[in-house]
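For clarity, every value in this text was computed on a predicted model and none was experimentally measured.
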Amino acid sequence: MTPATHSTLFPQVPDSADAVLDGLDPEQREVATALHGPVCVLAGAGTGKTRAITHRIAYGVRAGILQPSSVLAVTFTNRAAGEMRGRLRQLGAGGVQARTFHSAALRQLQYFWPKAVGGDLPRLIDRKAQLVADAATRCRVRLDRSELRDVTAEIEWAKVTQTVPADYPAAVAKTQRTAPRAPAETSQIYAMYEQLKRERDVLDFEDVLLLTVGILQDRHDIADQVRRQYQHFVVDEYQDVSPLQQRLLDLWLGDRDSLCVVGDASQTIYSFTGATPDYLLDFRTRHPRATVVRLVRDYRSTPQVVHLANGLLAQASGRAADHRLELVSQRETGPEPAYAEYGDEPTEAEGTARRIRDLIASGVPAGEIAVLYRINAQSAVYEQALADAGVPYQLRGAERFFERQEVREAGAALRSAARFGANDPLLDDVVDLPSQVRAVLSTKGWTTEPPAGSGAVRDRWESLAALVRLAEDLTRARRDATLADLVTELDERAAAQHAPTVQGVTLASLHAAKGLEWDAVFLVGLAEGTLPITYARTDEQIEEERRLLYVGVTRARRHLSLSWALSRSPGGRAHREPSRFLKGLRPGSGGQTARVPHAGGVDRAPAAGARARRARGPVRCRVCGTTLTAAGEMKLMRCEDCPSEMDEGLYERLLAWRAHQARRTGQPDYCVFTEKTLIAIAETVPSTDGELAAIPGVGVRKLNRFGADVLAICAGQEGVGDDAED
């Protein structure tokens with residue numbers, strides 16, 4: 001079995017130490033056999049780093065060079081630690097400890113606490129938010145839910161960077177960090193938080209590391225006992241260590257150098273949590289005798305994807321860029337990355353959903369497809385588009401848009417205002433719908449200007465801003481739209497997004513996608529102001545945004561699509577520019593790129609009717625000619641309040657046929673066709689494939705699958721028959 005095809009565990013335990021090395025490429029073998037002294041493995045994305053280090057440990061154990069109980073392998077997530085333990089068991093090295101930093105430290109703290117301090121270890125709290133809220137209350141500072149999350153994150157950052165409360169304001173200024181609250185105020189809350197923990201005899205997760213460090217520093221006898229137990233250390237994802245974790249690692253090691261670290265500075269994307277690649281980049285300075293091995297053979301991605309990833313980093317600057325790895329794909333050739341420019345965000349989402357649907361029809365499982373974006377607030381339009389296209393999806397690392405706390409609260413406030421608005425002084429003299437929505441949301445703390453920086457407060461603002469934009473879109477489509485109309489639109493969208501989550505397309509932020517991979521990846525929203533994000537201002541922040549895109553690119557095995565929109569909403573000013581990171585990489589980006597709505601290898605030509613509809617530009621009401629922007633009205637191809645000439649009998653027959661299809665395929669009804677699409681069909685009564693394809697919600701896949709039935713029903717035939725499976 002070759003490295004290029006080996007992506008799973010050995011089915012049987014190797015029968016010898018040498019057998020452990022079978023199937024490793026030359027560089028991976030070099031890692032596996034470098035068992036003495038410090039070792040630094042610079043491993044690019046998709047190069048088999050976990051395979052290399054687990055085989056290294058197993059080879060050392062099977063060759064009798066390492067004792068299983070003397071090895072401690074540490075990483076950053078329970079999932080990664082569990083995967084490492086599983087691989088080691090399959091390789092015959094089951095006695096090795098593979099843990100996260102926190103898990104290893106907590107185990108030691110629990111064991112040594114009675115000896116070092118006496119009594120029982122204080123209770124460990126799972127979440128610190130309530131304690132931070134209590135501390136803020138004592139300081140007479142009012143924090144809403146989002147502010148509470150951000151201040152909590154700041155306290156965590158301060159602790160992992162070993163910053164005490166009094167030094168927090170200076171640390172913020174030195175690092176050019178954008179604080180969610182005034183630094184002096186956060187410092188005060190931080191100090192009170194620490195006091196409350198002492199009063200209540202509790203610990204948080206950062207304390208686990210801090211107290212373990214303190215015990216190992218103060219009690220040399222305990223430090224010696226730990227060092228006798230663990231004599232060889234392996235650290236995965238070393239570019240993500242914080243100063244506090246590095247301090248603990250140094251204490252575990254003592255004056256020894258039996259350490260192997262693995263990392264890639266080009267994948268450092270968590271600096272906001274205290275992670276820094278400096279320890280990886282300075283490893284050879286700290287350990288002049290270190291063996292350094294570079295893993296650059298990429299077994300994950302096609303040459304086309306790897307070429308783009310390398311080109312992206314070639315334009316980078318800074319320390320991480322100076323140590324970048326030039327990847328070499330080991331896979332067969334694949335399609336070129338597809339670049340797509342759209343007029344507006346809804347069109348981008350609909351185009352993405354259409355291309356995903358075509359990929360699924362071509363045989364790519366939905367679970368092997370991902371849509372990745374910069375911020376979670378971007379998910380809403382893709383949830384809507386995928387639901388409209390009948391494509392199942394699942395969100396990773398975030399709630400669905402309409403399930404987010406701030407969106408639910410805003411929806412309740414808007415619903416109340418719609419019901420009692422005439423008697424609400426808040427809405428006196430506020431005539432247009434967008435202004436009414438802004439007024440209602442202002443009672444929830446929303447402002448027209450975004451908050452500085454990132455974090456929960458910014459995420460909350462973006463979610464509520466999406467509701468304001470929806471009101472603006474609705475007003476452009478219907479000048480007399482009311483709050484009640486907006487509430488109806490919100491309810492309809494929320495109901496339409498209850499798509500199945502099993503074996504669905506993954507929707508995730510770029511941060512949440514780290515460590516994962518898919519056959520097909522759609523990187524969306526790649527416009528200036530979104531990637532890089534507007535609040536990335538320093539050179540270091542801009543370069544981290546570039547690395548974030550690099551992580552997104554390297555998640556793709558075969559199909560890769562990159563897209564952006566020129567304006568936010570239909571009919572808006574096309575003032576946006578593609579991300580600066582794509583300059584020189586996408587076709588024609590040396591100058592100006594022609595608009596290519598569906599370029600690249602993964603896109604299929606749409607049906608003639610659909611192609612003609614997009615070529616005409618904005619969707620207009622077929623009754624009054626008004627430009628339509630609301631999803632429901634665009635499906636109907638008319639304003640909600642324009643007269644309908646629907647054939648009621650035909651509509652009822654279509655509903656019955658849809659119910660039959662849904663039962664037969666085990667899908668919700670709307671995954672066959674939404675009610676709006678059925679109404680549009682019953683109103684237009686298409687007689688040809690082209691006429692049916694011109695109706696929004698009827699794409700290539702549904703035309704091929706259901707077209708004959710629908711046209712038969714429209715022609716007055718029975719139509720409820722067995723159609724071919726996909």
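- When every heavy atom of Ala370 is checked against every heavy atom of Trp518, the shortest pair comes out as CB-CD2, 3.3 Å.
- At a threshold of 4.5 Å between non-hydrogen side-chain atoms, the residues Val521 and His559 do not count as touching.
- Here the shortest heavy-atom pairing between Leu467 and Val437 reads O-CG1, 4.4 Å.
- A distance-only check finds no donor-acceptor pair linking the side chain of Arg357 to the backbone of Val391 [under 3.5 Å].
- Here the closest heavy-atom approach between residue Ala45 and residue Arg300 is recorded as CB-NH1, 4.0 Å.
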So Thr302 and Thr333, side chain to side chain contact (heavy atoms under 4.5 Å, CB included) or not? Walk me through it. CA-CA 6 Å; Thr302 63; Thr333 188; over 6 Å; no
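- Counting heavy atoms from C-beta on, the side chains of Leu549 and Leu582 come closer than 4.5 Å.
- Using a distance-only test at 3.5 Å, with no hydrogens or angles considered, a donor-acceptor pair links the side chain of Thr554 to the main chain of Tyr550.
- A donor-acceptor pair shorter than 3.5 Å can be found between the side chains of Glu341 and Trp564.
- Ile356 is listed as a side-chain neighbour of Thr352, based on a closest heavy-atom distance under 4.5 Å.
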Run Val305 and Arg558 through side chain to side chain contact (heavy atoms under 4.5 Å, CB included) and show every step you take. CA-CA 7 Å; Val305 173; Arg558 180 173 174 80; over 6 Å; no
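- Note that CG of Leu562 and CG of Leu585 are 9.0 Å apart. Values are rounded to the nearest 0.5 Å.
- Of all the heavy atoms in Asp388 and Lys702, the pair that sits closest is O-NZ, 4.0 Å.
- A distance of 11.5 Å separates CG of Leu441 from CD of Glu409, quoted to the nearest 0.5 Å.
- Applying the side-chain hydrogen bond (donor to acceptor under 3.5 Å, both in side chains) rule to Gln315 yields no partners; only residues at least two apart in sequence or on another chain are considered.
- The OG atom of Ser379 sits 6.5 Å away from atom CG of Leu507, with the distance rounded to the nearest 0.5 Å.
- The line from CG of Leu372 to OG1 of Thr506 is 8.5 Å long, rounded to the nearest 0.5 Å.
- The heavy-atom pair separating Ser509 from Asn376 by the smallest distance is CB-OD1, 3.7 Å.
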Show the numbers, then the answer: is there a side chain to side chain contact (heavy atoms under 4.5 Å, CB included) between Ile269 and Glu545? CA-CA 8 Å; Ile269 59 173; Glu545 294 287 298; over 6 Å; no
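- Counting heavy atoms from C-beta on, the side chains of Ser561 and Pro337 never come closer than 4.5 Å.
- Of the possible polar contacts, one joining the Tyr270 side chain to the His511 backbone as a donor-acceptor pair under 3.5 Å is found.
- Judged by distance alone, the side chain of Glu368 and the main-chain N or O of Asp519 form a donor-acceptor pair under 3.5 Å.
- Glu544 contributes no side-chain N or O that, together with a main-chain N or O of Gln541, makes up a donor-acceptor pair within less than 3.5 Å.
- Side chain of Glu345 to main chain of Ser567: no donor-acceptor pair is present (N/O by atom type, distance under 3.5 Å, no hydrogens or angles).
- In this structure Arg438 satisfies the salt bridge (Lys or Arg N to Asp or Glu O under 4.0 Å) test together with Glu472, sequence neighbours excluded.
- No side-chain donor-acceptor contact under 3.5 Å links Glu517 to the backbone of Arg557.
- The distance from atom CG of Leu655 to atom CZ of Phe673, rounded to the nearest 0.5 Å, is 12.5 Å.
- Side-chain N or O atoms of Thr684 include one that pairs as donor or acceptor with a backbone N or O of Ala680 at under 3.5 Å.
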Given Arg555 and Val551, is the side chain to side chain contact (heavy atoms under 4.5 Å, CB included) satisfied, shown in steps? CA-CA 6 Å; Arg555 300 310 94 193; Val551 166; 3.8 Å; yes
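- Of all heavy-atom pairs spanning Pro686 and Leu711, the tightest one is O-CD2, 3.6 Å.
- The pair Glu528-Arg576 does not count as a salt bridge, with every side-chain nitrogen at least 4.0 angstrom from each carboxylate oxygen.
- At least one donor-acceptor pair under 3.5 Å links the side chain of Asn310 to the backbone N or O of Leu327.
- For the residue pair Asp344 / Thr347, a side-chain donor-acceptor distance below 3.5 Å is found, with atom types taken as modelled.
- In this structure, CZ on Arg580 lies 13.0 Å from CG on Leu526, to the nearest 0.5 angstrom.
- The side-chain heavy atoms of Ile533 and Leu531, taken from C-beta on, include no pair separated by under 4.5 Å.
- Put simply, the side chain of Thr268 reaches to within 4.5 Å of the side chain of Arg547, judged on heavy atoms.
- In this structure, a donor-acceptor pair under 3.5 Å is present between the side chains of Glu691 and Ser687.
- Contact annotation: the side chain of Gln661 approaches that of Asp709 to within less than 4.5 Å [non-hydrogen atoms, C-beta and beyond].
- Ser329 contributes a side-chain N or O that, together with a main-chain N or O of Ser301, makes up a donor-acceptor pair within less than 3.5 Å.
- You'll find the side chain of Trp657 reaches within 4.5 Å of the side chain of Phe706, heavy atoms only.
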